[in-house]
Amino acid sequence: MTALVVWISVIVVLVGFYILTYRKSGKESVQASCDISKEDQLKYQALLSSIGEGIVVTDRYGLIELINHKAEEMVGWKNEEVVGRRWCDVALLVDEKGDQIPREKRATQKVLSTGQAVFNDTYFYVRRDGTKFPVGTTAAPIVENGKTIGVIAVFRDITHEKEVDRAKSEFVSLASHQLRTPLSAVKWFSELLIDGDAGQLTTNQSEFVGNIHKSNERLIEMVNSLLNITRIESGRIIVDPKPTNLADLVNQVLEDLQEKIREKKLTMVVSVHGQLPQVALDARMINHVYLILLSNSIKYSPEGSQITVIISKNDKEVVSQVSDAGCGIPQSDQSRIFEKFFRATNAVRTVTEGTGLGLYLAKVIVESSGGKIWFTSKENGGTTFWFTLPLTGMAPKAGEVTLNS
Amino acid sequence: MTDNKLKVLVVEDEQLLLEAIVKKLELSGIVALPFSSGKQAVRYLHEHPLDLPNVIWLDYYLKDMDGLEFMGAIKGDEQLNKVPVVVVSNSASSERVSRMLALGAKQYLLKAEYRLDEIIDIIKGQLASGTL
């Protein structure tokens, strides 16, 4: 989708240039018409009609000045039929259910009221014949002397992009489910061997089977993470916020990690704001964020060190902090740390287990909950992660799937 | 029951998984009744009203039916209805889990998340709190 935004932005700039010159030459003054040659005019007109995206230009009141050939084709109206009418009335915008999107929420209107460019790819245009198609629109203001004098909206039919997105999600989810059967078989049979259910193993044998089991657990974890990412990215995840006590939630996560904490003789310090209210959160999702941050801290901390969790709040949000004295993230890796499958160079060296998916997932969850996540870190000097959640809670969302299912 | 051993009917259509489950159950002193077909398992249950298992270990996705159909097929029988069902599946959408629990399944577990002996402990827990 990023490429689409860039491409559309380029078109907006090109067309904006054309519009300004067209208006000058055609409308405003005889003097100005000398600014642009007939040849240039023809060139820009050819550019406009040859562009594969629909283009609509409105004046400062949202009335159509022109639509290009592709736009005519896409919505089923001729330029001469729509000039002077409102774009909002010509091309109705609806959501998935077919409910009409009010004018003030539409890209062209938003541009007129804010003067800022807007990108939108969540709705559908209704064609003249009543059929609809998913549309990606970039609308930008036409600015002259600091004033918005109109809007250019460039749009395209994104049926194919949506289809590819859906197919990609379905593939990952199907592949992951199919992978789980052989993974379970490897898991259970290696456990039978480790437990001595097929007879006593030699030291070497149990070491080797142990390695098989451990590697398989990593694969299981990776499949689970991939599935979770697909669930969130596909937008099919159910967000079910309920009043949640964050202190209880963190303690539950620590309880689940107890064995690893004990193994490394770590000291856990948890401090929670005295007047922290309950916040409407999807506990399963936020639990996952703490689990990812705390597991990382435990994994990369030296034995006997301390991990601190602080949950505080300000006027608008709950701020959670997880600090460790671990190996830290090298400066050169910091900009990539939230990327999918990326693991810091020192992390790969010191701890082989890891999928590179945890922090990406944490970021996706926090941001889809209306919060932010960031960190400070120094190589060999520990890491602190913070994330915020709005005190007003997460917005509920209907869907089909939940995390870890 | 013909002897005092606990009996678990296992429905799992992946032959290798079925083998592992049966092996572990037997090593835990439990009699396993393995089925790789849902229909055959249902038939067995209806044909042996006096020799019902103590627990049913059910995979959700079977080649010949799914968990919902399986529950539907045993629902009509009063005695059969009392046998606790533990679903052990590859995937667990919340809708599916709640439908299975509503139909009377006692627990819904994700296969790859559990060690075999953990599932067997859960099964034993069902036996302890169960109908015996």
Side-chain angles (χ1 to χ4, degrees), chain A residues 170 172-199 210 213-228 230-231 234 236-240 242 256 282-285 291 397-405, chain B residues 8 10-30 32 34 36 57-63 66-68 86-101 105 107-124:
Chain A
E170 265 182 16
V172 175
S173 138
L174 194 77
S176 304
H177 286 313
Q178 296 306 321
L179 281 171
R180 274 179 166 169
T181 300
L183 287 172
S184 299
V186 175
K187 179 183 169 73
W188 289 351
F189 278 106
S190 57
E191 279 164 10
L192 283 168
L193 287 172
I194 291 168
D195 293 349
D197 292 338
H213 185 262
K214 227 188 280 172
S215 301
N216 189 61
E217 289 294 299
R218 263 175 81 188
L219 266 175
I220 291 173
E221 196 190 322
M222 197 179 287
V223 167
N224 287 344
S225 299
L226 274 176
L227 272 173
N228 280 338
T230 315
R231 289 182 187 113
S234 69
R236 294 186 305 135
I237 196 138
I238 301 165
V239 182
D240 181 21
K242 298 220 165 69
D256 293 343
D282 187 310
R284 200 196 275 250
M285 291 173 84
L291 185 67
K397 196 173 89 51
E400 301 140 49
V401 290
T402 50
L403 287 181
N404 288 343
S405 55
Chain B
V8 174
V10 186
V11 199
E12 165 62 70
D13 61 355
E14 286 292 336
Q15 203 53 45
L16 280 178
L17 295 183
L18 186 60
E19 227 173 87
I21 296 165
V22 169
K23 176 87 183 160
K24 194 70 185 179
L25 283 171
E26 284 170 353
L27 285 164
S28 312
I30 297 171
S36 56
W57 172 318
L58 176 67
D59 179 22
Y60 185 88
Y61 283 115
L62 301 165
K63 290 191 179 79
D66 66 21
L68 294 175
V86 175
V87 187
V88 188
S89 173
N90 251 343
S91 59
S93 79
S94 53
E95 191 208 342
R96 202 181 313 135
V97 174
S98 49
R99 285 178 74 183
M100 285 301 281
L101 295 181
Q107 260 172 307
Y108 197 121
L109 311 175
L110 259 182
K111 263 178 216 170
E113 303 272 292
Y114 291 87
R115 293 172 54 88
L116 265 183
D117 44 17
E118 286 170 334
I119 304 182
I120 286 169
D121 284 345
I122 290 169
I123 297 272
K124 282 182 179 159

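Here is the naming used below: chain letters follow the sequence lines, and residue numbers restart at 1 for every chain.
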Measure distances from [X] to the heavy atoms of chain A and classify the residue's part below 4.5 Å as side chain, backbone, both or neither.
X	result
B:I119	side chain
B:L27	side chain
B:L116	both
B:Y61	neither

What's the separation between atom OG in B:S28 and atom CG in A:D197, rounded to the nearest 0.5 Å?
7.5 Å
Straight-line distance of B:E12 CD to A:T181 OG1, nearest 0.5 Å
7.5 Å
Under 4.5 Å from a heavy atom of chain B, the part of [X] involved:
X	value
A:N224	side chain
A:I238	side chain
A:L183	neither

Please examine the side chains of B:L16 and A:W188, heavy atoms only from C-beta on, and report whether any two atoms are closer than 4.5 Å.
no
Identify the two heavy atoms, one from B:N90 and one from A:S184, that lie closest to each other, and give their separation to 0.1 Å.
OD1-OG, 4.3 Å
If you draw a 6.0 Å radius around NZ in A:K214, do more than 12 non-hydrogen atoms from other residues or ligands fall strictly inside?
no
Sort out for me which of B:R115, B:E19, B:R96, B:K23 touches chain A most, counting heavy-atom pairs under 4.5 Å.
B:R115
